[in-house]
Amino acid sequence: LTGAHRSELSRRQLLALGTAAAAGAVMFTGCQPAPRELMAQSRVRLAEDVLTAYENWYATTCRQCGAGCGLIARVVEGRAKKLEGNPDHPINRGRLCARGQAGVQEQYHPDRIQGPLARRGLRGPAGPLVPDSWDQTLGTLSAGLRRIQADGRSGDVVLITAPLRGHRALVVDRFAKAYGAAWLTLDLLAETPLREASRRVFGQDRLPDFDIANARYVLSFGADFLGSWLSPVHYGVEYGRFRQGSYRPGQQFKPRQDRPRGYLVHVGPRFSATAANADEWLPVRPGSEGVLALSLAQVIVSERLGEAAGASAFGDAQALAAFAPERAPSPGSVRAWRSAVASPAATPTAWPA
Amino acid sequence: MSRPGLIALTLGLLLVPAALLSGLVFVVTVGAPWLLNNQVGRLPREPILFDHSLHTRVVGLDCAFCHRTASKGATAGYPDVEQCMFCHAVIGQGVPEIEKVRLAWTEQQPINWERVHRMPDHVHFVHDAHIRAGFECATCHGDVQQMSQVVQVRRLNMSDCVDCHRQNQAPTECIACHH
């Protein structure tokens with residue numbers, strides 16, 4: 001082979017090698033997954049909350065009163081815009097009252113309390129409440145609590161919260177016990193007498209649920225269940241079924257011909273929503289509902305209209321005798337009703353004289 | 001050149017490149033993907049030592065609490081930093097690994113994880129179809145409750161998929177996955 005031939009071959013080799021290297025580079029690069037595939041990213045904000053023009057419906061619970069209706073909240077760009085009843089919720093079955101509907105206004109009210117407020121000086125106009133930072137407030141609070149604890153007066157501290165359940169109750173209870181403070185709950189719409197009645201009658205310290213939907217006759221003593229009592233949306237739904245026929249939970253509602261429309265009697269001093277819907281409204285002086293109830297009990301016991309076991313709850317039949325209808329004062333006896341009003345908390349012992 | 005010499009040269013010129021080429025083809029089509037996709041047991045180097053067993057077994061969170069789209073779409077999804085902060089705004093302050101999450105939130109920076117499970121190319125795996133068919137996450141992902149750091153436990157290649165599809169009378173047409 002001549003030198004010229006050799007040089008020609010080596011150029012060919014060079015080209016071949018070059019091509020092979022390029023092809024290999026291309027092919028092996030193709031084997032490598034793209035870097036984005038080897039990575040997974042946790043984005044900063046919840047994806048569904050940053051999308052504009054998309055709505056999300058979140059299920060939550062209404063806290064406008066103690067009923068606790070199920071809500072679905074329409075959220076756009078991370079802000080609640082509208083509240084509706086949750087159709088799957090057993091309490092309200094998709095309905096929501098005006099107060100619940102207004103809940104979204106409370107969320108963004110310009111005058112809402114947006115952070116801790118500290119009183120400067122005396123209570124009253126002379127010592128206004130001024131906004132303070134969380135760090136400052138928590139510092140003041142923990143310093144005060146430590147000082148009281150150091151003085152051995154932890155027992156003087158009372159922790160007041162709204163009625164809590166679940167984990168929040170657990171946390172507050174543990175904190176109060178660890179510190180040695182008393183824990184009290186404050187509920188502005190508390191049905192304390194009804195809870196106590198439920199405890200005495202049924203042995204359960206809780207609010208009862210009245211199965212109005214399946215009732216044939218409802219005698220309501222001041223229970224404005226279509227207006228504001230306990231769980232008005234729930235009882236509104238139940239009332240509709242009560243008026244239209246029988247209903248069993250979990251069943252598609254069908255009016256039944258064999259069961260009559262429920263009958264509603266309302267005892268109460270005011271022409272409330274429930275009184276307006278009642279077949280009979282018995283207007284009574286405020287506080288005298290209990291006397292009327294005992295009078296009804298007297299008739300039931302003396303004429304043996306109820307079960308014997310129920311009658312024995314009243315003890316001696318003679319104890320009720322004072323409430324016999326014939327011993328009731330004349331309807332015009334304003335003085336008698338007034339005396340009933342004067343001591344509504346006291347257990348009535350007889351028709352007011 | 002002698003006749004046997006010519007034959008040897010011809011064979012050498014033809015066979016050696018052919019062998020090399022077929023070797024190359026094998027490496028590219030089978031070997032490299034096998035090596036690259038065989039992540040079984042490989043411990044990832046994550047930016048934050050997120051403890052799966054702590055969150056699932058000790059805290060008791062359901063997988064879907066963080067991987068929220070597993071029953072809704074193709075991907076199971078990773079929790080957004082905001083979701084971590086639902087709890088970690090309060091819980092675990094001062095813990096070094098958790099402080100990394102809190103820092104990501106204050107600086108509004110995403111977290112880039114090293115991916116643990118990766119399907120081979122040209123496969124369209126859909127999570128929600130498998131969840132709807134009643135499979136537990138653990139069927140493919142192993143007992144994550146016992147894993148502090150999650151590693152891949154199943155091969156998750158085509159033979160693995162097809163075996164399971166056959167056992168469960170799931171479709172094995174090409175188009176079922178390759179689409």
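Naming convention: chains lettered A, B, ... in sequence-line order (proteins, then strands); numbering from 1 in each chain.
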Heavy atoms from other residues, nucleotides or ligands near OH of A:Tyr58 exceed 12 (cutoff 6.0 Å): yes
Residue pair A:Gln41 / B:Ile111, side-chain heavy-atom distance below 4.5 Å: no
A:Arg79 CZ: over 12 foreign heavy atoms closer than 6.0 Å: no
Show me, pair by pair, the donor-acceptor contacts under 3.5 angstrom made by side chains of residues 172-179 of chain B, not counting sequence neighbours?
from	atom 1	to	atom 2	distance (Å)
B:His178	ND1	B:His122	O	2.7
B:His179	NE2	B:His124	ND1	3.1

Smallest separation among heavy atoms of B:Gln109 and A:Val44, with atom names: C-CG2, 3.4 Å
Other residues, nucleotides, ligands: >12 heavy atoms within 6.0 Å of B:Glu97 CD: yes
Rounded distance [0.5 Å steps], CG in A:Leu46 versus CE in B:Met85: 12.0 Å
B:Phe86 atom CZ, neighbour heavy-atom count above 12 within 6.0 Å: yes
Taking every non-hydrogen atom, the tightest pair across B:Pro79 and A:Ser42: O-OG, 2.7 Å
Minimum-distance pair of heavy atoms, taken over all atoms of B:Trp105 and A:Arg45: CH2-NH1, 3.6 Å
Salt bridge present between A:Arg43 and B:Asp80 (N-O < 4.0 angstrom): yes
